[in-house]
Amino acid sequence: RGAEHLEVIDGKWRRFTKGQEQEMFDSLQGHHTGWCLEGSIYTCEEYLDNGDALIYYSNNKKGDPAVPRLTIAFYGKDKIREISGIEEWQTLDEYIFPVLKDKLEEYPEVAEEYKQTMENMKRVTEIHKSLLSLSKEDLRFLYEIDGKIHNFRGETDPRVKEILRGRDKIEDVAYIFGVTKDQISTSEEEALSGKCTHHLGDLRIGDEELAELKRNGGTKFPIVVGGEYVINLSITSMKDIPPLPERVWNLELNGLTNPEGLNMPKSVGVLSLNGLTTAEGLKIPEGVRCLSLNGLTNPEGLNIPEGVQNLELNGLTNPEGLKIPESVLDLSLNGLTNPEGLNMPERVVWLELKGLPSAEEFPPLPNDLERLTVSQHMSDEEVNKLKEQYPHIEIERR
């Protein structure tokens with residue numbers, strides 16, 4: 001990669017569609033991109049079976065656009081699935097960011113989301129290259145205090161772990177927050193002592209842990225740094241607990257029957273509020289990826305952020321007015337016995353509709369649907385009708 005003059009970013013995008021697997025495979029040979037596409041034509045076939053692929057080729061010494069630098073894989077024609085560069089772990093090389101930025105302007109519906117990812121990756125690249133000491137702002141960024149540092153594949157950027165390897169993490173956290181080292185816990189026992197303001201690593205707070213924190217005089221949840229925060233409580237009122245932390249990975253409060261007094265964290269990855277019977281007044285954070293609201297029987301007042309990928313609304317009996325994000329991975333609507341008024345999203349990978357008794361009851365299904373779960377009591381005849389209508393979908397009874 002270092003021998004191909006990466007500072008040259010003039011070049012050309014090429015779009016590959018199903019049937020152009022050999023052409024795409026041949027164009028990558030000998031460039032050591034680190035992509036699985038370069039290793040096997042069968043992988044190229046798998047990619048193009050799912051959708052188109054765009055590859056950017058920068059100019060070689062002769063001025064020909066022949067050096068692969070970026071790939072954008074799609075679901076179908078224009079739904080971005082992943083973005084890969086040619087550096088280690090398929091991150092972007094330091095020169096190519098402007099090319100991707102210009103291309104993403106053609107996809108305004110995801111441009112803002114990817115813009116933040118791109119800025120994060122660019123900053124990690126700059127820190128990774130630098131031999132200078134890290135500032136407080138750099139450390140705050142690397143310890144993901146204000147947000148996760150994901151790459152374009154939705155994974156934590158592995159370079160962050162490499163940068164922080166060997167550092168005194170307790171000293172770093174104390175420096176970031178302006179606290180003493182004895183205020184930082186590294187074990188559950190210390191975190192629940194009531195004396196620590198910050199916890200380094202993963203932390204789970206259940207009913208027993210909350211009771212212990214209160215017994216020890218704790219009036220606040222500790223702030224978790226460099227780990228996943230799981231809060232799973234059976235409380236029925238928000239009056240029973242301290243204010244929630246600003247950032248929680250997994251928040252489960254299934255004992256609540258209404259959202260009164262629920263001041264949601266700024267950032268939540270997985271949110272389960274299965275006891276809620278009403279969504280009036282409920283404010284769901286934008287970053288939620290998995291959302292479970294199985295106690296709702298109607299969608300009045302429910303506002304689901306576009307970023308939600310796994311959605312469970314199994315208590316809904318009336319879909320009228322339900323607005324589902326345009327693209328979700330898993331969608332469960334098992335309480336519906338009549339889908340009238342249901343506006344299906346453009347793209348769903350796995351759909352559960354176990355409440356519908358017959359094939360005639362099913363609404364038109366998305367073209368991209370791969371898997372459908374129906375009632376275990378549905379007859380063979382009804383299942384076969386669905387298979388005839390949608391031969392590309394895997395149908396299971398459960």
Side-chain angles (χ1 to χ4, degrees), residues 87-89 91-92 94 116-151 153-206 208-232 241-251 265-270 285 287:
E87 286 295 341
E88 196 171 9
W89 302 295
T91 55
L92 276 64
E94 61 184 300
Q116 185 59 56
T117 302
M118 185 163 52
E119 290 301 317
N120 286 346
M121 289 183 67
K122 186 176 181 181
R123 187 170 179 185
V124 173
T125 298
E126 291 169 351
I127 294 173
H128 194 243
K129 282 182 57 187
S130 175
L131 299 177
L132 301 176
S133 59
L134 299 177
S135 68
K136 182 183 290 189
E137 290 71 25
D138 290 335
L139 289 171
R140 189 178 182 92
F141 170 71
L142 293 169
Y143 279 97
E144 302 180 308
I145 306 300
D146 300 310
K148 291 288 185 181
I149 306 172
H150 288 152
N151 58 25
R153 306 169 74 84
E155 304 161 348
T156 299
D157 194 319
R159 295 174 299 173
V160 173
K161 187 175 181 180
E162 185 177 301
I163 293 167
L164 295 177
R165 185 180 293 123
R167 294 187 63 86
D168 184 334
K169 294 181 173 58
I170 295 178
E171 187 173 305
D172 282 345
V173 174
Y175 174 53
I176 292 169
F177 290 99
V179 298
T180 59
K181 293 175 72 171
D182 60 3
Q183 290 178 277
I184 300 167
S185 61
T186 56
S187 69
E188 182 183 294
E189 183 180 2
E190 293 173 342
L192 302 177
S193 68
K195 301 174 183 178
C196 294
T197 57
H198 298 77
H199 178 77
L200 188 56
D202 296 337
L203 183 62
R204 180 191 180 278
I205 302 287
E208 292 182 8
E209 290 79 12
L210 177 60
E212 184 175 349
L213 181 65
K214 287 181 175 180
R215 280 196 301 270
N216 293 330
T219 58
K220 292 183 178 180
F221 288 111
I223 297 170
V224 165
V225 181
E228 290 189 352
Y229 210 153
V230 176
I231 296 179
N232 184 349
I241 66 170
L244 292 169
E246 286 194 354
R247 298 188 177 278
V248 180
W249 168 243
N250 188 327
L251 179 61
K266 289 183 180 178
S267 174
V268 183
V270 180

Kindly check if the number of other-residue, nucleotide or ligand heavy atoms within 6.0 Å of CD (Glu162) is above 12?
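Count over threshold, so yes.
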Around Lys136, counting heavy atoms of other residues, nucleotides and ligands shown, do more than 12 lie under 6.0 Å from its NZ?
yes
Contact between [X] and [Y] at the side-chain level, heavy atoms closer than 4.5 Å - yes or no?
{"X": "Thr91", "Y": "His128", "answer": "no"}
{"X": "Thr125", "Y": "Arg159", "answer": "yes"}
{"X": "Ser185", "Y": "Leu192", "answer": "no"}

What verdict does the side chain to side chain contact (heavy atoms under 4.5 Å, CB included) test give for Trp249 and Val224, after you've listed the backbone C-alpha separation in whole Å, the side-chain angles of each residue and the deciding distance to 0.1 Å?
CA-CA 10 Å; Trp249 168 243; Val224 165; over 6 Å; no
Does the [X] side chain pair with the main chain of [Y], one donor and one acceptor, at a distance under 3.5 Å?
{"X": "Glu144", "Y": "Ile149", "value": "yes"}
{"X": "Thr186", "Y": "His199", "value": "no"}
{"X": "Asn232", "Y": "Gly206", "value": "no"}
{"X": "Ser193", "Y": "Glu190", "value": "yes"}

Report the C-alpha distance between Val160 and Ile127 in whole Å, list the side-chain angles of each, state the deciding distance to 0.1 Å, and finish with yes or no for side chain to side chain contact (heavy atoms under 4.5 Å, CB included).
CA-CA 9 Å; Val160 173; Ile127 294 173; over 6 Å; no
Point-to-point distance, once rounded to the nearest 0.5 Å, from [atom1] of [X] to [atom2] of [Y]:
{"X": "Arg167", "Y": "Asp172", "atom1": "CZ", "atom2": "CG", "result": "4.0 Å"}
{"X": "Glu137", "Y": "Ile176", "atom1": "CD", "atom2": "CD1", "result": "10.0 Å"}
{"X": "Glu188", "Y": "Leu203", "atom1": "CD", "atom2": "CG", "result": "6.5 Å"}
{"X": "Arg123", "Y": "Glu126", "atom1": "CZ", "atom2": "CD", "result": "8.5 Å"}
{"X": "Leu139", "Y": "Ile163", "atom1": "CG", "atom2": "CD1", "result": "10.5 Å"}
{"X": "Glu189", "Y": "Glu212", "atom1": "CD", "atom2": "CD", "result": "7.5 Å"}

Option among Leu134, Val173, Asp146, Val225 that satisfies the side-chain contact (heavy atoms from CB on, under 4.5 Å) test with Arg140:
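Result for side-chain contact (heavy atoms from CB on, under 4.5 Å) with Arg140: Asp146.
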Which is it for Tyr229 and Arg247 under the side chain to side chain contact (heavy atoms under 4.5 Å, CB included) test, yes or no, and what are the steps along the way?
CA-CA 8 Å; Tyr229 210 153; Arg247 298 188 177 278; over 6 Å; no
Quick one: do the Thr117 and Asn120 side chains pair a donor with an acceptor below 3.5 Å?
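Side-chain D/A pair, Thr117 to Asn120: absent.
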Of all heavy-atom pairs between [X] and [Y], which one has the smallest distance, and what is that distance?
{"X": "Leu213", "Y": "Lys220", "value": "CD2-O, 3.7 Å"}
{"X": "Ile241", "Y": "Leu244", "value": "CD1-CD2, 3.9 Å"}
{"X": "Cys196", "Y": "Pro222", "value": "O-CB, 4.1 Å"}
{"X": "Pro243", "Y": "Phe221", "value": "O-CD1, 3.3 Å"}

In Arg215, Lys214, Arg204, the residue satisfying salt bridge (Lys or Arg N to Asp or Glu O under 4.0 Å) with Glu209 is Arg204
Any chance you could lay out the side chain to side chain contact (heavy atoms under 4.5 Å, CB included) test for Ile184 and Phe177, step after step, and finish with the verdict?
CA-CA 10 Å; Ile184 300 167; Phe177 290 99; over 6 Å; no
